[in-house]
Peer 1: 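Dropping a structure here in structure tokens format, bear with me for questions.
Starting from 1, each residue takes its place in the sequence as its number. Note that these values count all heavy atoms, side chains included, but never hydrogens, waters or copies made by symmetry.
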Amino acid sequence: MKKTAGWILKITGGLLALILILLFTIPALFKEKIRTGVEKIVNESVNARVSFEGYRIGFFRNFPNLSFGLDGLSVAGTGNFEGDTLAELKSFNLVFNMASLFKKSGFEIKSVILERARINALVNADGKANWDIAKDTTTVEEVDEESESALKLKL
């Protein structure tokens, strides 16, 4: 009986150690791939120049949730607002519900944390706002009144 309990304890301890090692190493192993993906998604989504100095991804700061943060984030205008900075942030952090990352129903953001944010909201003489930077990705025919958004926001 003691021998069986010992084996079960060793297997459980080994699995926990493996999980902890993976939680520490996965963000480090895929750091450049994640950075490239973030830059690509952001630049395809907005009509602005977005840059950041670095990013953090981790499982422990808000355990059991996943934390993702951008450091030194800057959003600069293009077109009519060329040269104007819309936002500068020391850090921009998102906390995702870990379970929602594996569901097809969308990601659930539990919190958004901005540190030392400086926002410069402008409207020009034509009534165009510099914060209207989202690219239009749908047409009127594609919009379905009954469809739900894939993004869930829980603040």
Peer 1: Are the side chain of Asn130 and the backbone N or O of Asn120 linked by a donor-acceptor pair below 3.5 Å?
Peer 2: yes

Peer 1: Hey, does the side chain of Asn124 reach the backbone of Asp126 with a donor-acceptor pair shorter than 3.5 angstrom?
Peer 2: yes

Peer 1: Atom CG in Leu73, atom CD in Glu88: separation rounded to 0.5 Å?
Peer 2: 9.5 Å

Peer 1: Please determine whether residues Leu70 and Leu94 belong to a single hydrophobic cluster, defined as Ile, Leu, Val, Met, Phe, Trp and Tyr linked transitively by side-chain heavy-atom distances below 4.5 Å.
Peer 2: yes

Peer 1: Do Val95 and Tyr55 share a hydrophobic cluster, counting only Ile, Leu, Val, Met, Phe, Trp and Tyr and linking them when any side-chain heavy atoms are less than 4.5 Å apart?
Peer 2: no

Peer 1: Which atom names give the shortest non-hydrogen contact between Ala48 and Ala76, and what distance separates them?
Peer 2: CB-O, 3.3 Å

Peer 1: Can you give me the closest heavy-atom contact between Phe92 and Leu114, atom names plus distance?
Peer 2: CD1-CD2, 3.0 Å

Peer 1: I'd like to know if the side chain of Thr78 and the backbone of Asn47 have a donor-acceptor N/O pair within less than 3.5 Å.
Peer 2: yes

Peer 1: Using every non-hydrogen atom in the two residues, find where Gly69 and Asn93 come nearest and quote the distance to one decimal.
Peer 2: CA-OD1, 3.2 Å

Peer 1: One pair to check against side-chain contact (heavy atoms from CB on, under 4.5 Å): Leu122 and Phe81. What are the steps and the verdict?
Peer 2: CA-CA 9 Å; Leu122 301 171; Phe81 295 101; 4.1 Å; yes

Peer 1: Taking a hydrophobic cluster as the set of Ile, Leu, Val, Met, Phe, Trp and Tyr residues connected by side-chain heavy atoms closer than 4.5 Å, whether directly or through intermediates, do Ile57 and Val112 fall within one such cluster?
Peer 2: yes

Peer 1: Provide the closest heavy-atom pair for Phe52 versus Asp71 in the form atom of the first, atom of the second, distance.
Peer 2: CB-O, 3.6 Å

Peer 1: Would one find more than 12 heavy atoms of other residues, nucleotides or ligands at under 6.0 Å from atom CZ of Arg118?
Peer 2: no

Peer 1: What pair of heavy atoms forms the shortest contact from Gly77 to Arg49, and how long is it?
Peer 2: O-NH1, 3.4 Å

